[in-house]
Structure formats: structure tokens, C-alpha cells
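Predicted model, so just to flag it, every value in this text is computed and none were measured.
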Amino acid sequence: GRGVAFRGKVIDYGNSTYLVSYYPTRAGIYRMYITIKTPYSSPTPSPSVGVLEEISMSGQYLTHNAPYIITIIPDAIRAERCVAVGAGLVGGKAGEVMSLQVLYRDRYNNPTSVQNVDDVKIKFIVTNVVNGDVMVIPYLNITKGYTNTTVTYTMQRAGKYAVTIQLATPSPAPTSTYKSIVGSPYFITISPILGDANSVVLRGVGMRSGGTNVTNTFEVMVYDQFANLHTTGGDKLYVRVLGDANFTVSNIYVVPRCLDNLNGVYLCTYTPNNPGAHQLVVKLLQLQANSPGGWGLMGKYFDNEDGAWDVNATPRVRRVDSMVRFLWSDGVIITPAPAPAPTLTLLSHPLAGQSARWQGYVVAPRTGNWGFRVACRNLHATVIVEEVMVVDTFTNTSAKISMVQDGVYAIRVMATTRGVAVSADMVSKSIDLLWSTDIITEQPVSSFFLYPFADEVKGSPFPLLVR
């Protein structure tokens, strides 16, 4: 077929003997054509380019047994011609295992190989771009092969680094010289991973003491498990200043406001109403690694009518639901495990009663009085935000709650078949959690504002004395 072509140089010795020499630079399998023309040959031109169409026109001048099949093998490996490929050349996340391959090449960039894998020596050096320090690589594995070397490594410190890859190849000299491969050094970026509650640091006078009717401040610094500061921000904090010493009896609490400085540091302010001993509770919401915003609420499903209200009840099913928005056309909220034949237990029948609880945190997109509503069919539902009942279809309760922009609030949604007429229990059921303000029209609560889990930071709750 069409491919690489090269021409030979012909020397005429004048005795019907010719010396043909050629200098190929691309390894591969070739067909060699040799044509001979005499002064008495027809004026058909000789091949000059080597394409098949041209050669076919000179078929009568081809030597016997032409074409000849020749194989051009690669030259020996040359370090300065080797190349690297793989995601490990651009970086990744702290603690992530990254990999790359160094592909062997000869002086003409042909893929080549070595007879002994130990003939190739490799240096893998990571240098901090800012200060030039050579970094200690927590995990480094180099697997040498006959045609390439695979490098897998892990970096724990976030930042920008230069990766230098050098090879020492077999040489006639007593010692081999290390040379950088093509493109080395490569520049990579290591990013922090999700914040770790055990690594969060609080600082400032306001975390230990404060005063009434004045603004008190403290800072929250969010680090990942490798002590990398979240320099891009975006974390969500649940922060509360609980009431006086008998806070377990008194539900008085203060909601501090935390300003995201977009550098991993959050400035929190609060104004307590009463003096005395308080407690500062700080939790870090669990985010998703690969998408912004929230990802839903923790859903627990029970095969009885009261499980949703019992914190000690064992759910039949538990999962993270992106939204509280469901339609059960067959009237069965959960599908119980089949009963052993021939006995049929009531657990497999919707008349046995069903309930569900969705729990987590909701983030307010703007400041205002927010109203919640549950549109449900053949179910009764209750919504509790920060221990305040804002919706209860049993009593037709509907109340608004004041929330501040980017504030984080605990939320529970419970639904049950209790109180639903038996005749209606077999028909379809549905539930839809909605919210609105005086400015925002009623709409479903999106998963972007819902978070299923939060971890209390190390040391929380902190003792706080308000004077």
C-alpha cells in the first residue's frame, strides 16, 4: 500500500556491476523495486517517485523476483527521543494515584525496544515550582518493560510542580549519562480533595468568648485530610450558637453568618442575645467530588406507619434521594422482601402501613421568609426545619421560617399512610416538597440545595462564654 518511500543511490562500476546504497529512517516492512534500462530500451520514463502507479508502468524493466521484501528494524533506544503519555503528566488530586508511560524511541523517533529491561535506568523528580524544593513522593512505583516504562505516583501536597523524567540508556561508555526525555520537565497541578471535618481549624476570640448585642467573629479554615487548604472555597458550614447552660432544655440558638472568602477561610459572625455559658457547634457538609452543589437528602423507608418518627427504628430501605418528589402508582412506597411460601406476611401488603423519612440539610439561595409546602396524595406529611414544624398535613399547619442567603438549616420530611382511608390505601401515592418566598414562586426543592450528611468538626461543640 501507500506508505513511506525512500530512494537508493546507485554507483555504476562500469562492468555490469552496480552498488546500491540506501539510508532508511523509518522502521517497517518495505517492498524494494529495482529497474534496469539499457540504451536500447523504449523511451518510457524510469520510476522517480516510487508510487505504485508509476512502478506498474515500468514493469517490463523490473529485475527478476522484484519486489524484494526487506525489513528495517528500529535503532537502539535514545533517551532524548523517548516520549511520555498519560494523565499523570497534567496532575490530579491530592492522594490520587496517577500514572504515565515512557515510550521508548530510537534516534529517528521509531518505537523501539530493549533486550534487557534493566538496561534502562530512570529518574523521576518532582520539584516545587514556587521555591524549587525537590519534593518527597509518598508513593512511587516504576515498572520497566521492553518497550516502555510505567510510572505510578501519588502526591499529597497541593500545588504546582515540575516533573523531570530522565533516562540512562545502554552506552558503550563505562557509565551511562542521564538525559531528559522529550518535553521534560512537565508541569502538573495537584488540587486539594474534599474537606475533612477532622482537619478543620477554628481560630479567633469569638470561638471561645463573646458579648451580647455586639458582633463577635471567628474564622473557620477548611483543610483536606492531607492538610491542604481549600483555596477555592465553596464549602458549606452548619454553625450554631446554642443557648445557655441548659441548652438541652432551652431551644434558644443563634445562627452565625459565615462569609466565604474563596480561599479556604470563612469569616463567621454572630450576635448572642443572652449572657451565660453557650456551646458553638460547627459541622462540615459532605460535598460531591465531581459536581457542584448538593446531592439530596438521606431517605429511610419503613414498613410501618410510625417508623419515620422513631429515630431508633430500623428502615427497610435507606438511600440518598436527590429530591423529595415521588409517584408510587401501585400505592407501595417500598418493595418488601418476598415472604416464604406458602405464608404471606402483611409486610408485603401496603395495608400493613408504610412511612418514610428524608433528612439532611437545606441551603437557602437568598435571604427571606421561606414557606414550605408538601403536595401529597394519599399520604400525610410533616416538615421540620431547625426543630420548627413548618408543615403538617394532619393539623393543616403551614408556617414560614426566616433563612439567610447561603445559610445551612437542618431539615426533616416525614410521610406516612397513617390516617389515610383504607379504601384509598391501594391507590397511587405521591409526594412533592415545594418552597417559595414573596419573590420566588413556588417550585420543587432542587437537589442543588440539599445535602444528606454533615460531619462535626474536631473539638465541636466548643465551650463559649457570652458576657
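Asp455 meets the salt bridge (charged side-chain N to carboxylate O under 4.0 Å, His left out) test with no other residue; sequence neighbours excluded. Judged as a salt bridge (charged side-chain N to carboxylate O under 4.0 Å, His left out), and not counting sequence neighbours, Arg357 has no contacts. Not counting sequence neighbours, Arg157 has no partner by the salt bridge (charged side-chain N to carboxylate O under 4.0 Å, His left out) test. Legend: residues meeting salt bridge (charged side-chain N to carboxylate O under 4.0 Å, His left out) with Arg325, ordered by chain and number and at least two apart, are Asp432. By the ring-ring contact (aromatic ring centres under 6.0 Å, His included) test, Phe448 is found to be paired with no residue, residues two or more places apart in sequence or in another chain being considered. Scored by the ring-ring contact (aromatic ring centres under 6.0 Å, His included) test, Tyr223 finds no partners at all (sequence neighbours excluded).
Trp435 and Trp370 have tilted rings, their planes meeting at an angle from 30° to 60° on a 0 to 90° scale.
Each ring-ring contact (aromatic ring centres under 6.0 Å, His included) pair with one or both residues in residues 126-166, not counting sequence neighbours, appears once here: Phe124-Tyr153. Residue pairs meeting the disulfide bond (SG atoms under 2.5 Å apart) criterion with at least one member in residues 255-289, sequence neighbours excluded: Cys258-Cys268. Legend: salt bridge (charged side-chain N to carboxylate O under 4.0 Å, His left out) pairs involving residues 203-213, not counting sequence neighbours, sorted by first then second residue: Arg203-Glu219. Sorted by first then second residue, the disulfide bond (SG atoms under 2.5 Å apart) pairs that include residues 371-403, not counting sequence neighbours, number zero.
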Which donor-acceptor pairs under 3.5 Å do the side chains of residues 182-193 make with protein atoms, sequence neighbours left out?
residue, atom, partner, partner atom, Å
Ser184, OG, Ile165, N, 3.0
Tyr186, OH, Val182, O, 2.5

Side-chain polar contacts of residues 80-91 - donor-acceptor pairs under 3.5 angstrom, sequence neighbours left out - could you list them?
residue, atom, partner, partner atom, Å
Glu80, OE2, Arg78, NE, 3.1
Glu80, OE2, Arg78, NH2, 3.1
Arg81, NE, Arg107, O, 3.2

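Residues Val408 and Lys283 fail the side-chain proximity criterion, which asks for heavy atoms closer than 4.5 Å.
Geometrically, Arg240 engages Tyr409 in a cation-pi contact defined by less than 6.0 Å to the ring centre and at most 45° from the axis.
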